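These figures come from a predicted structure and were not determined experimentally. Atoms considered below: every heavy atom in the structure, side chains included; atoms not considered: hydrogens, waters and symmetry mates. Residues take their numbers from the sequence shown, with the count starting at 1.
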Amino acid sequence: MRTPLPSLFLRNVTQNWEEKGEEWLKNLPVLVQKVTQQWNLDEIVPFKNLSYNFVARAIRLPDHLKVILKIGADPAEIEAEALSLKFYNGKGCARLFSHDVQKGAFLMEE
């Protein structure tokens, strides 16, 4: 990632998840790279006001669709959110395009 992560985000993650959070932050650039390749994303731009999860705007190729990428230190929490988005299928919320339980990540419409 080219953009430095906000200090509040770094502090929240390490205070909330302690050693697990520190390890997750250390691995976050590689994780972002993996899901970028997995979902064929480009122009990853993190939100400036990150708090507990990594959230970024991106472009999905080859259709150039604007999407939101979300990755969390707590995969179970991210999975629950992804399943909720899947259940509602765009009715009153964003549509879920993809999710990866093991990586604690999902991709939804912008």
Side-chain angles (χ1 to χ4, degrees):
M1 282 178 291
R2 293 179 221 144
T3 308
L5 297 171
S7 58
L8 176 63
F9 170 67
L10 300 173
R11 187 173 61 244
N12 286 347
V13 170
T14 54
Q15 285 179 351
N16 198 45
W17 290 285
E18 298 171 341
E19 289 178 16
K20 180 183 174 187
E22 289 177 21
E23 186 69 21
W24 180 77
L25 286 169
K26 183 177 133 188
N27 294 321
L28 185 57
V30 172
L31 189 54
V32 170
Q33 183 180 28
K34 285 181 179 180
V35 296
T36 295
Q37 291 172 348
Q38 177 180 346
W39 291 325
N40 203 18
L41 303 177
D42 193 22
E43 300 180 32
I44 310 299
V45 180
F47 283 85
K48 293 178 182 174
N49 60 342
L50 299 176
S51 56
Y52 290 91
N53 298 292
F54 177 82
V55 184
R57 286 187 172 90
I59 303 294
R60 186 179 70 181
L61 302 174
D63 60 2
H64 297 280
L65 184 66
K66 292 180 180 182
V67 296
I68 301 292
L69 169 65
K70 185 169 185 176
I71 308 172
D74 184 347
E77 206 173 275
I78 295 298
E79 173 69 359
E81 187 174 348
L83 290 175
S84 294
L85 291 172
K86 184 178 180 178
F87 176 81
Y88 288 105
N89 194 28
K91 294 178 181 133
C93 64
R95 284 183 304 143
L96 177 70
F97 293 127
S98 300
H99 73 283
D100 188 314
V101 177
Q102 291 179 328
K103 292 182 180 93
F106 66 79
L107 193 64
M108 65 182 176
E109 71 181 346
E110 182 173 358

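- Residues Val32 and Thr36 share a closest heavy-atom pair of O-OG1, 2.6 Å.
- Counting heavy atoms from C-beta on, the side chains of Asp100 and Val35 never come closer than 4.5 Å.
- Listed here is the closest heavy atom pair of Phe9 and Tyr52: CE1-C, 3.8 Å.
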Show every donor-acceptor pair shorter than 3.5 Å between a side-chain atom in residues 79-88 and any protein atom, with sequence neighbours excluded, or say none if there are none.
from: Glu79; atom 1: OE1; to: His99; atom 2: NE2; distance (Å): 3.4
from: Glu81; atom 1: OE1; to: Lys70; atom 2: NZ; distance (Å): 2.7
from: Glu81; atom 1: OE2; to: Lys70; atom 2: NZ; distance (Å): 3.1
from: Ser84; atom 1: OG; to: Ala80; atom 2: O; distance (Å): 3.1

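- Arg60 is not listed as a side-chain neighbour of His64, based on a closest heavy-atom distance of 4.5 Å or more.
- The OG atom of Ser98 lies 10.5 Å from the CG atom of Leu69; values are rounded to the nearest 0.5 Å.
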Self-check item: Lys103/Lys34 under side-chain contact (heavy atoms from CB on, under 4.5 Å): CA gap, chis, key distance, verdict
Solution: CA-CA 9 Å; Lys103 292 182 180 93; Lys34 285 181 179 180; 4.0 Å; yes
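- Interatomic distance, CG of Leu10 versus CG of Leu8, reported as 9.0 Å (0.5 Å rounding).
- The nearest pair of heavy atoms linking Ala105 to Ile71 is CB-CG1, 3.8 Å.
- Counting heavy atoms from C-beta outward, Phe97 and Glu109 have side chains that approach closer than 4.5 Å.
- When side chains are defined from C-beta on, Val67 does not count as touching Met108, because their heavy atoms never get closer than 4.5 Å.
- Here the CG-NZ distance, from Asn89 to Lys91, works out to 6.0 Å after rounding to the nearest 0.5 Å.
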Exercise. Go through the steps to decide whether Ile59 and Leu65 satisfy the test side-chain contact (heavy atoms from CB on, under 4.5 Å), and finish with yes or no.
Key: CA-CA 6 Å; Ile59 303 294; Leu65 184 66; over 6 Å; no
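- No more than 12 heavy-atom neighbours from other residues, nucleotides or ligands sit within 6.0 angstrom of CD on Gln102.
- For the atom pair CD of Glu43 and CG of Leu61, the computed distance is 8.0 Å after rounding to the nearest 0.5 Å.
- Between Trp24 and Asp74 the shortest side-chain heavy-atom distance does not fall below 4.5 Å.
- In this structure, the side chain of Asn16 does not engage the main chain of Asn12 through any donor-acceptor pair within 3.5 Å.
- With a 4.5 Å cut-off on side-chain heavy atoms, Leu50 and Leu5 count as touching.
- Using a 4.5 Å cut-off on side-chain heavy atoms (C-beta onward), Pro46 and Val55 make no contact.
- Considering all non-hydrogen atoms of both residues, Ile44 and Ala58 come closest at CD1-CB, 3.5 Å.
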Quiz item: Could you walk me through whether Phe47 and Ile68 pass the side-chain contact (heavy atoms from CB on, under 4.5 Å) check?
Solution: CA-CA 10 Å; Phe47 283 85; Ile68 301 292; 3.8 Å; yes
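- Between Ala73 and Lys20, the shortest heavy-atom distance links the atoms O-CE, 3.4 Å.
- Taking 4.5 Å as the limit, some side-chain heavy atom of Leu107 sits within range of a side-chain heavy atom of Leu41.
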